[in-house]
Amino acid sequence: MSIFFLALSLALFILVLAMACTLPRLIKGPTAQDRVLALDCMYLNAMLAMMVLSLIYADSLYFEAALLIALLGFVGTAAMAKFLLRGEVIE
Amino acid sequence: MTVVELPLWAEITVGTLVFLSASIALVCSAGLMRLRHFFERVHLPAITGTLGCWCMVLASIVFFSVKEGSLTIFPIVIAIFMSITVPISTIFLMRASLFRARQMEKSVPPSINNQTRPDVWES
């Protein structure tokens, strides 16, 4: 139990707190695009949390999970923005 | 939980960068609740995706380089990917939001091409 491990755990806790901070906007957000934005922010926070996990466990395998989360977040945001813009995802 | 023992300078660098990145993410997520208008809020995930992501990627590069004993730059793939996708999703969301706000005849930020619109806009 070193100071370094405590600092990484604190960063992980801060990131979870940040994910919790996006929840009110996701639930009550006045418009649909607010909810999409909150979901995008939550995806980014989850990706950063996954990278902190890769430092804590000293395992580079978590980077692939982080890359996957980033990819899915981008595809989801782009698809939902397209749906809000045109009413259809693929035309 | 960490099995590797890093030298002190590497621990300080990695810890500071990771903490900075997490703090930036927290500030941006808290601003999502605090800022009043959508067109102000739309920039916040972009800050997390550039500054926060770059700090975390630099920390990972230092960590894995010191751990492996040679230069390891594979985490930079995530930073490159984010630098491509974040502007795209931000512009997509902004255009969709502009379209919907104009359709509902709400006031939107003035266009920079067409200065005939009023410069004042409220939420």
Side-chain angles (χ1 to χ4, degrees), chain A residues 1-15 17-26 29-34 36-38 40-45 47-49 51-52 54-58 60 63 66-67 70-71 73-86, chain B residues 1-6 10-12 14-16 18-33 38 41-42 44-46 48-49 52-53 55-57 59-60 63-64 67 72 74-75 77-78 81-82 84-86 88-97 99-101 104:
Chain A
M1 196 65 110
S2 61
I3 302 281
F4 182 56
F5 175 66
L6 283 182
L8 289 186
S9 306
L10 186 62
L12 197 58
F13 177 72
I14 291 175
L15 281 170
L17 206 63
M19 283 175 81
C21 278
T22 61
L23 267 181
R25 193 51 79 186
L26 187 66
T31 56
Q33 53 264 34
D34 277 308
V36 177
L37 191 70
D40 192 38
C41 208
M42 192 184 267
Y43 260 114
L44 282 173
N45 289 334
M47 191 202 71
L48 289 183
M51 289 169 82
V52 175
S54 91
L55 293 188
I56 288 179
Y57 290 108
S60 59
F63 268 95
L67 204 56
L71 186 68
F74 167 65
V75 171
T77 307
M80 281 191 275
K82 177 85 175 154
F83 179 75
L84 291 181
L85 192 62
R86 305 284 299 178
Chain B
M1 201 67 79
T2 314
V3 284
V4 289
E5 283 293 319
L6 298 182
E11 286 196 349
I12 290 175
V14 171
T16 309
V18 167
F19 196 74
L20 196 66
S21 166
S23 308
I24 289 165
L26 179 63
V27 166
C28 292
S29 302
L32 214 57
M33 280 197 291
F38 177 82
R41 289 196 289 264
V42 77
L44 294 173
T48 311
C53 188
C55 283
M56 193 68 84
V57 163
S60 309
F63 181 88
F64 283 105
K67 179 181 158 245
T72 314
F74 68 87
V77 172
I78 291 186
F81 180 76
M82 292 313 292
I84 296 170
T85 57
V86 159
I88 296 176
S89 56
T90 303
I91 288 171
F92 255 10
L93 265 181
M94 232 185 278
R95 287 204 66 86
S97 172
F99 174 72
R100 283 167 72 91
M104 286 194 244

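Throughout, a chain's letter reflects where its sequence line sits, starting with A, and its residues are numbered from 1. Since this is a predicted model, take the numbers as computed values, not measurements.
For F63(A), the parts lying near chain B are the backbone and the side chain together; criterion is any non-hydrogen pair under 4.5 Å. Heavy atoms closer than 4.5 Å to chain A are found nowhere in L20(B), neither backbone nor side chain. For R41(B), the parts lying near chain A are the backbone and the side chain together; criterion is any non-hydrogen pair under 4.5 Å. Using a 4.5 Å cut-off between heavy atoms, M47(A) touches chain B through its side chain atoms alone. Residue contact with chain B, scored on non-hydrogen atoms closer than 4.5 Å, is absent for L12(A). Of the two parts of V57(B), the backbone and the side chain both hold a non-hydrogen atom closer than 4.5 Å to a non-hydrogen atom of chain A. Interface remark: L10(A) contributes side-chain atoms only to the contact with chain B (heavy atom separation under 4.5 Å). With a 4.5 angstrom heavy-atom cutoff, I78(B) touches chain A via backbone and side-chain atoms both.
Within the 3.5 Å criterion, the main-chain N or O of M94(B) finds no donor-acceptor partner in the side chain of S97(B).
Using cut-offs of 30° and 60° for the angle between ring planes, the F64(B) and F74(B) rings count as tilted.
Most heavy-atom pairs under 4.5 Å with chain B: of the set R25(A), M42(A), K82(A), this distinction falls to R25(A). Residue with the most contacts toward chain B among L48(A), V36(A), T22(A): L48(A) (heavy-atom pairs, distance under 4.5 Å). When each of S60(A), A66(A), P24(A), A38(A) is scored by its heavy-atom pairs under 4.5 Å with chain B, the top score falls to S60(A).
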>> Test side-chain contact (heavy atoms from CB on, under 4.5 Å) on C21(A) and L26(B); report intermediate values, then the result.
In response: CA-CA 8 Å; C21(A) 278; L26(B) 179 63; 4.2 Å; yes
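Remark: the S29(B) side chain and the N45(A) side chain contain an N/O donor-acceptor pair separated by less than 3.5 Å.
When all heavy atoms are compared, the tightest approach of L44(A) to P45(B) is CD1-O, 3.1 Å. For L6(B) against K67(B), the heavy-atom pair with the smallest separation is CD2-N, 4.4 Å.
With values rounded to the nearest 0.5 angstrom, M51(A) atom CE is found 7.5 Å from S21(B) atom OG.
Counting heavy atoms of neighbouring residues, nucleotides and ligands inside a 6.0 Å radius, atom CZ of F83(A) does not exceed 12 of them.
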